[in-house]
Amino acid sequence: MHELKKEEEKNLNFIEEIIEADLAAGKYQQIITRFPPEPNGYLHIGHASSICLNFGLTKKYPGYTNLRFDDTNPVTEETEFVDSIKEDIKWLGFNWKNELYASDYFGKLYEFAITLIKKELAYVDDSSSEAIAALKGTPTEPGTNSPFRNRSVNENLDLFARMKQGEFPDGSRTLRAKIDMAHPNMIMRDPILYRIKHAHHHRTGNAWCIYPMYDFAHGQSDSIEEVTHSLCTMEFIPHRELYDWIIEKLEIYPSRQYEFARRNLNYTVTSKRKLLQLVNDNHVTGWDDPRMPTISGLRRRGYTPESIRDFCDRIGIAKRENMIDVSLLEFCIREHLNNIAHRRMVVFDPLKIVITNYPEGQVEMLTSEDNPEAETVTYRELPFSREIFIEADDFMEVAPKKYFRLAPGQMVRLKSAYIIKCDEVIKDAAGKIAALHCSYIPESRSGSDTSGINVKGTLHWVSVAHAVSAELRLYDRLFKVEDPSSEEGDFKDYINPDSLQVIGRVYAEPSLLQSGFNDRYQFLRKGYFCLDRDSTANQLVFNRTVTLKDTWAKEQKKG
RNA sequence: UGGCCUAUAGUAUAAUGGUAGUACGACAGAUUUUGGUUCUGUUUGUCUAGGUUCGAAUCCUGGUAGGCCAACCA
């Protein structure tokens with residue numbers, strides 16, 4: 001009798017370890033996390049990882065997750081982005097406990113600033129942006145104190161109130177923390193807390209003309225919400241010291257910040273700035289272009305939320321630099337789609353076949369499974385007749401050794417139909433193949449095959465008289481190189497000019513006329529497709545989500 | 001030439017002082033009415049030099065490599 005190793009595989013990531021330790025120590029009864037996007041762009045696959053982390057943690061452990069928009073910079077933020085972000089999170093399958101905005105806390109934040117001023121830990125600086133930069137020092141040299149650093153509490157209080165009143169123009173004054181201009185961490189060299197911006201805010205309108213900086217909003221927002229584990233990416237590591245400093249001086253709820261490495265996907269870019277450029281310069285049709293690594297782009301492309309969650313799960317969370325191979329993302333979507341997509345037949349590049357021994361004018365309805373992988377298999381009907389289309393590259397006049405498709409004198413199975421044999425190649429005046437004359441084996445009909453014939457190849461096909469036309473959009477990677485940002489010159493120089501290939505007219509089986517926007521299809525032997533929203537009553541448009549694995553193509557490339 | 005972070009197979013991620021494992025990829029084979037799926041097998045790894053220890057991917061020290069920090073961005 002052998003022993004089954006039933007040890008529970010824990011495999012926790014480092015954040016889960018921290019949380020389990022905190023929970024075990026009784027530090028918290030429940031954990032609270034937050035997802036804190038700035039509403040200045042669309043969410044991308046990197047955000048999906050953060051969303052799955054933050055929301056996933058509070059599904060696994062007791063607690064909840066807030067959605068908090070980090071909207072402290074009115075000039076870049078818009079309601080359009082707020083709406084898209086909410087839609088994307090919901091689509092991914094997560095629900096936030098509270099929908100919050102950093103701007104909800106502007107009043108409290110203002111009071112926090114006054115507290116700091118009263119404690120002589122903040123001062124109003126009249127220095128220009130340039131002067132502040134000049135006195136900041138460098139990583140290797142200490143900075144110099146501002147001449148305004150030692151103003152009295154009363155003067156600071158008065159000036160700060162007048163900043164709020166709108167007495168001063170943009171950029172003329174700031175509120176700064178009084179910490180240490182020689183601090184080895186440059187973030188701690190009297191960081192700016194508030195700046196003057198006479199700008200309209202998407203939520204507070206014109207109520208404010210001073211706005212808190214990230215560092216003076218994020219930690220306190222976490223604290224107000226009693227966020228226990230505030231998770232962010234590694235570039236915020238130096239900010240943690242300031243995050244803790246502010247919380248300590250204000251004596252408020254001690255949220256803790258933990259950092260993880262942002263995820264990078266190869267052959268694309270995930271930086272809002274760069275994605276915005278692609279949109280603005282019309283390299284793509286919009287934020288939801290199916291080639292974009294945005295959530296909305298992936299959605300339109302045909303990715304499912306399940307596949308994206310699975311992907312985020314598989315790549316994990318750690319602290320080291322990474323470049324994730326897009327083949328893993330493709331594996332995840334193929335795996336899901338293989339289970340749920342309905343099989344359909346579509347001929348991309350038609351070659352006409354006349355089945356010479358099939359009665360003229362006869363049409364018979366054949367049944368074919370929607371998905372052989374399904375627990376309970378359902379079926380559809382499709383018409384078969386004397387003239388059909390097959391894929392042009394499923395025929396070769398002179399076939400190589402391991403070619404399983406059609407060739408003169410050879411036999412193949414037509415999927416869910418009959419075995420046919422190629423008898424004659426019909427050519428036009430120019431010597432180009434115009435059609436094939438084949439004969440079918442009547443007793444080889446799928447489901448009731450008594451022919452005893454075994455063929456190696458099975459082809460997809462469409463009845464000529466019943467074919468419906470559709471447009472196909474085939475996508476390839478957006479960039480020609482793995483990491484466009486690290487290449488010489490501008491990242492846009494490395495855009496793949498062939499990332500979109502449109503096939504204006506393909507021949508589809510008639511059942512595709514019933515396609516809905518949420519339907520997922522596998523076009524047999526071709527790939528996974530979904531209906532694009534550009535479709536109209538007269539024109540079906542399908543996006544290719546991902547190809548099928550094609551070991552034959554690989555074989556040919558080798559040969 | 002300051003401070004901080006990181007280093008395990010091609011990629012990503014485990015192993016928490018005790019047999020270096022998993023997934024993807026790649027390669028080979030079996031099955032297949034999709035050259036898909038499924039199944040089986042193979043391949044490749046602890047950055048480096050010391051130290052502590054019976055024992056080090058893990059702890060310590062030095063080096064090397066990569067990343068982050070000098071927006072009134074987040």
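Numbered from 1 within each chain, the chains take letters A, B, ... in sequence-line order.
Ion pairing between a basic and an acidic side chain is recognised when a charged N comes within 4.0 Å of a carboxylate O; E77(A) and R203(A) show no such pairing.
One finds no side-chain N or O of K319(A) lying less than 4.0 angstrom from the OP1 or OP2 phosphate oxygen of rC68(B). Proximity of R334(A) to the phosphate of rU38(B): no side-chain N or O atom is located under 4.0 Å from OP1 or OP2. Distances shorter than 4.0 Å separate none of the side-chain N or O atoms of R320(A) from OP1 or OP2 on rC5(B).
For RNA chain B, runs of at least 3 consecutive pairs of the Watson-Crick or G-U wobble type, with both hydrogen-bonding distances under 3.5 angstrom, map to B:2-7 with B:64-69, B:10-13 with B:21-24, B:26-30 with B:38-42, B:47-51 with B:59-63.
For P293(A), the side-chain contact (heavy atoms from CB on, under 4.5 Å) criterion is met by I45(A), T268(A), T270(A), L275(A), not counting sequence neighbours. Under the rule for a side-chain contact (heavy atoms from CB on, under 4.5 Å), the partners of M181(A) that lie at least two apart in sequence or sit in another chain are N145(A), R149(A), R176(A), R189(A), D190(A). Scanning for salt bridge (charged side-chain N to carboxylate O under 4.0 Å, His left out) contacts around D325(A) gives an empty result, with sequence neighbours left out. Take F260(A) and apply the ring pair (Phe, Tyr, Trp, His ring centres under 6.0 Å) test, not counting sequence neighbours, and it matches no residue.
Residue S368(A) is classed as having no contact, given no heavy-atom separation below 4.0 Å to the nucleic acid. Residue contacts shown for S129(A) include a base, since a base heavy atom lies under 4.0 Å away.
The nucleotide whose nearest atom lies closest to any side-chain atom of T138(A) is, among rC72(B), rA74(B), rA70(B), rA70(B). Closest to the side chain of T140(A), from the set rG35(B), rU34(B), rU1(B), is rU1(B). Side-chain atoms of D550(A) lie closest to rG35(B) of the nucleotides rG35(B), rA71(B), rC69(B).
Under 3.5 Å, the side chain of R405(A) and the base of rG35(B) form at least one donor-acceptor pair of N or O atoms. For rG36(B), its base sits under 3.5 Å from the side chain of E373(A) at one donor and acceptor pair at least. Judged by atom type and distance alone, R314(A) does not reach the base of rU13(B) through any side-chain donor-acceptor pair under 3.5 Å.
Inspection of the S511(A) and R344(A) side chains reveals an N or O donor paired with an N or O acceptor under 3.5 Å.
Heavy-atom neighbours of K274(A) NZ from other residues, nucleotides or ligands within 6.0 Å: above the threshold of 12.
Under the stacking criterion of a centre-to-centre distance below 5.5 angstrom and an interplanar angle below 30°, Y214(A) is not stacked against the six-membered ring of rA74(B).
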Legend entry - Nucleotide-resolved protein contact map, nucleotides 26-33 of chain B, B/S/- at heavy-atom distance under 4.0 Å: SSS----B
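Of the candidates R413(A), R525(A), K526(A), D394(A) forms a salt bridge (Lys or Arg N to Asp or Glu O under 4.0 Å) with just one, namely R525(A). The ring-ring contact (aromatic ring centres under 6.0 Å, His included) test with F216(A) singles out one residue from Y194(A), Y105(A), Y110(A), and that residue is Y194(A).
Per the geometry, CZ belonging to F331(A) stands 18 Å off P belonging to rA12(B), to the nearest Å.
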